[in-house]
Every structure is written in structure tokens, then in C-alpha cells.
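Numbering starts at 1 and runs along the sequence shown. Scope of the values below: all heavy atoms of this structure, side chains included, with no hydrogens, waters or symmetry mates.
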Amino acid sequence: MDDDEYYNHLTTQAKVRSLDDVASDVRKHLSGAVESIIKAGQALQEGRGMHSSDNAFHDWCMQEFPDLKHGTRNNIMQVSKRFGGSQNFNYRFPTSVLYELAAPSVPDELVEDIMSSDKPMKVKEVKQVKEGYKEVQNNPDNSDL
């Protein structure tokens, strides 16, 4: 093996990454995506505050962000409201789960329980937990809870 072949072999080996390296990159970028969603939500809230009505805000959003659908915009703003001030925010949840947890109807203690869990959850599981929580709260036998 001559010097060029040896150099090519070394550089090829250096480019091979482990699955842990790849997973670390994915986590880093997903974390950045969630941070960006929170910041976008904060900016949208600021923009909402500068408009005299929901209609004026909606028109402004349609002009500035035509691909940002009303529901997505609301989800982003809700995620920002719910998680924007959290110092110890856990970025391991996908945005779809964060959208579900950010709904105003979800009690803070339920959000805290889910966010502090070691088990990552999917939207379907979060919906099941929310429904179970609602059933417990609405059961008259649990009025002392």
C-alpha cells in the first residue's frame, strides 16, 4: 500500500461514525428544532400583541407566513406558552407530543408527570393518559384527590 492509498484508507476510517455519534447528532438537531419552535411561538405571541384583533393577526400571518396553517400556528404559540419559561425542559419529546401537552386543557401536574417520566411517549399514549386523567377527575368517588 503506497502513501496515497494509506492516506485514503485512514480518511475513510475517520469518516465512519458510530450509531451513538449519529444519535447524538439527531438529538442535538431535534433539540434545536424544539428551541426554534419555542422562539417562533414567542415571536408569534409578540406579533399577536401588536394587532388589535385576531382577524388582523390572522391576516398578517397569512401575508407573512402563507404556508403556516392556523392550527400549526396555534400549536407553536401554545408550546411557547407552556414550555418557553422552563429551565429544565426535556427536549426528547417529538413536537407532536409537545403540541398535545401544550393544549390549555391539559393540567400542569399532568404535563409535569409526563415530562419527568423516563419513558418517551407517543401522541396516542399521551391522549390515553389525558383521557385516564380526565376520567379520574370526573369520577365522584375521587373527589378527595
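In this structure, D113 and Y133 have side chains that are not in contact, with every pair of non-hydrogen atoms separated by 4.5 Å or more.
Within the 3.5 Å criterion, the main-chain N or O of L68 finds no donor-acceptor partner in the side chain of T72. Side-chain N or O atoms of S80 include none that pairs as donor or acceptor with a backbone N or O of I76 at under 3.5 Å.
In this structure, L101 CG and D108 CG are separated by 11.0 Å, a value rounded to the nearest 0.5 Å. Taken to the nearest 0.5 Å, the CZ atom of R73 stands 9.5 Å off from the CZ atom of F65. Note that CG of N75 is 10.0 Å distant from OG of S96, once rounded to the nearest 0.5 Å. A distance of 7.5 Å separates CZ of R48 from CE of M77, quoted to the nearest 0.5 Å. The NE2 atom of H29 lies 9.0 Å from the OG atom of S24; values are rounded to the nearest 0.5 Å. To the nearest 0.5 Å, the span separating CG on L98 from CD1 on I37 amounts to 7.5 Å.
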* To do: Apply side-chain contact (heavy atoms from CB on, under 4.5 Å) to V129 and L110, showing your working.
  => CA-CA 9 Å; V129 169; L110 184 58; 3.6 Å; yes
* Full working for side-chain contact (heavy atoms from CB on, under 4.5 Å) between Y99 and Q78 -> CA-CA 7 Å; Y99 291 162; Q78 289 297 332; over 6 Å; no
* Intermediate values then yes/no, side-chain contact (heavy atoms from CB on, under 4.5 Å), E125 and V97 -> CA-CA 9 Å; E125 296 167 318; V97 169; over 6 Å; no
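F57 and M62 fall into different hydrophobic clusters, where Ile, Leu, Val, Met, Phe, Trp and Tyr are joined by side-chain heavy atoms under 4.5 Å apart, directly or via other members.
At a cut-off of 3.5 Å, with distance as the only test, a side-chain donor of N74 or H70 sits close to an acceptor on the other residue. A side-chain donor from one of S18 and D21 sits under 3.5 Å from a side-chain acceptor of the other.
The aromatic rings of W60 and H51 lie tilted to each other, with the angle between the two planes from 30° to 60°.
More than 12 heavy atoms of other residues, nucleotides or ligands sit less than 6.0 Å from atom CD of E109.
Here the closest heavy-atom approach between residue P94 and residue M121 is recorded as CD-O, 4.2 Å. The shortest heavy-atom contact between S52 and A56 is OG-CB, 4.4 Å. When every heavy atom of Q63 is checked against every heavy atom of P66, the shortest pair comes out as O-CD, 4.0 Å. Here the closest non-hydrogen pair linking F93 and V34 is O-CG2, 4.4 Å.
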